[in-house]
Amino acid sequence: MQATIHNEFLTLTVDTHGAEAVSLKNAAGEELLWQADPAVWKRHAPILFPWTGKLPGGTFEAKGKTWQGGQHGFARDMDFKVTYKGEDGIVYWLESTPETLGKYPFPFRLMIGYLLEGNRITVKWRVENLGQLDMYFQIGAHPAFNFPGFDASVDERGFFAFDSKEELRYIVPVEKGCVSPELHTLERDVDGLMKIDTHTFDCDTYIFQDAQLKKVTLLDRKKQPHISLEFDTPLVALWSPAKAHPDCPFVCIEPWYGRCDAVGFDGELKDREWIQKLGSKEVFDVSYSIIIEK
């Protein structure tokens, strides 16, 4: 079931399935979110929980057992309940069930909230540990934004701008979704921008760690700002399936509290890099913002 909230600048539609935003339009009616063509990528803006990225061998260790798990957790494939709906805001909740406890052994409650404030969408996340023991998890965003003025006949797609002028270093996935610890230096032009073309994502994903960035802006081919994300996450990833689909008309900007494992990792869930920990009855409250620049 879908619900729509709006103000004079934005109209946002969210589905109860995954509490996923499925449409974002500006005042001119322009669709800003990728519309999930399964021939390229079947999602719009999934929530990644209770882990981000792939698991080595599709399993993880916790509480003395081995658990099966797919990429990016399972919340994106579950139905949430709407607990609040206003004209410019909506809140979704998901609570652990016998089914989830059969694949992730921690009782939890997950809240996803969307609030429109002028040309800004504030996305709120709350994770509650309902159990008696420490809970280990990761959470992340995966919104896909259409390139402004997309033209498949030209190689250039646009640019990224960053809030940091310092040297930016990133890692990439190299083996079955796991990353190499090798650091790469991001190439930028004289304006400090990262050019996006049909070969930019030959490496699949750029993962920036250690809170190097707090804001990423997608610009059009004329270097005009289009959409920004502001966040306080320790990691942010940039991804597009352009290597497999050169005509792909979107790119993802992904703030993460966690990431996939490094090649060779064989520890428990609690030992994953960038894992989040909640004590019994503790709460994890965070948010990020999407700003429509035009």
Side-chain angles (χ1 to χ4, degrees), residues 1-37 41-48 76 80-93 110-126 139-150 157-163 196 213-233 236 238-240 249-256 285-294:
M1 185 175 68
Q2 296 183 354
T4 298
I5 56 177
H6 63 88
N7 63 16
E8 62 180 309
F9 301 103
L10 302 172
T11 300
L12 176 70
T13 300
V14 185
D15 202 308
T16 51
H17 190 69
E20 181 178 5
V22 296
S23 176
L24 172 60
K25 295 181 178 180
N26 59 20
E30 177 188 7
E31 180 60 69
L32 305 176
L33 274 185
W34 165 244
Q35 288 303 289
D37 179 352
W41 190 56
K42 68 178 182 178
R43 303 181 189 269
H44 306 264
I47 308 298
L48 316 182
R76 63 183 183 168
F80 285 62
K81 293 181 179 179
V82 178
T83 57
Y84 169 80
K85 168 70 165 64
E87 187 172 282
D88 59 357
I90 191 164
V91 176
Y92 295 84
W93 285 92
L110 171 64
M111 181 206 83
I112 310 294
Y114 298 89
L115 176 65
L116 304 185
E117 303 171 292
N119 67 332
R120 175 187 296 260
I121 304 164
T122 299
V123 184
K124 298 176 179 289
W125 296 333
R126 171 176 291 181
I139 189 168
H142 203 318
F145 300 104
N146 294 325
F147 287 117
F150 175 74
R157 300 291 185 247
F159 298 85
F160 281 124
F162 307 99
D163 63 318
I196 311 170
L213 297 169
K214 298 297 181 183
K215 183 177 182 179
V216 176
T217 300
L218 174 63
L219 292 76
D220 66 17
R221 294 195 306 275
K222 296 180 180 179
K223 299 187 177 182
Q224 296 302 304
H226 180 60
I227 289 176
S228 295
L229 265 69
E230 292 182 347
F231 43 86
D232 196 29
T233 56
V236 63
L238 306 175
W239 173 79
S240 175
F250 71 87
V251 69
C252 295
I253 305 172
E254 309 176 38
W256 290 348
D285 262 320
V286 294
S287 66
Y288 75 94
S289 294
I290 302 169
I291 302 102
I292 311 308
E293 301 284 3
K294 289 186 177 179

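Because only heavy atoms are used, hydrogens play no part in the values below, and waters and symmetry mates are left out as well, while side chains stay in. If you read the sequence from its start, that first residue is 1, and numbering goes on from there.
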Are the side chains of [X] and [Y] in touch, meaning some heavy atoms are under 4.5 Å apart?
X: L229; Y: V236; result: no
X: F231; Y: L213; result: yes
X: S240; Y: I196; result: no
X: R157; Y: R221; result: no

Side-chain donor or acceptor of [X] paired with backbone N/O of [Y] under 3.5 Å:
X: Y114; Y: A19; value: yes
X: Q2; Y: D15; value: no
X: H44; Y: V22; value: yes

With sequence neighbours excluded, residues passing side-chain hydrogen bond (donor to acceptor under 3.5 Å, both in side chains) with [X]:
X: N146; answer: none
X: S23; answer: E31
X: D163; answer: none
X: W93; answer: T83

Q: Name all residues meeting the salt bridge (charged side-chain N to carboxylate O under 4.0 Å, His left out) criterion together with D232; count only those two or more places apart in sequence or in a different chain, and write none if there are none.
A: K214

Q | Residue list, salt bridge (charged side-chain N to carboxylate O under 4.0 Å, His left out) with R43, at least two apart or on another chain | A | D77

According to side chain to side chain contact (heavy atoms under 4.5 Å, CB included), who are the partners of [X], at least two apart in sequence or on a separate chain?
X: S228; value: K215, T217, I291, E293
X: F9; value: N7
X: A3; value: K85, I90, Y92
X: D220; value: P148, K222, Q224, K294

Q) Rounded to the nearest 0.5 Å, how far does CD1 of I121 lie from CD1 of I227? A) 8.5 Å

Q.
Considering only residues two or more places apart or on different chains, which pairs with a residue in residues 113-124 satisfy salt bridge (Lys or Arg N to Asp or Glu O under 4.0 Å)?
A. R120-E230

Q. Sequence neighbours excluded, which residues qualify as ring-ring contact (aromatic ring centres under 6.0 Å, His included) partners of H142?
A. W41, H72, W239

Q: If the plane angle is over 60° it's perpendicular, under 30° parallel, otherwise tilted; pick one for F147 and F150.
A: parallel

Q.
Quick check: closest heavy atoms across L33 and A144, and the distance to 0.1 Å?
A. CD2-O, 3.2 Å

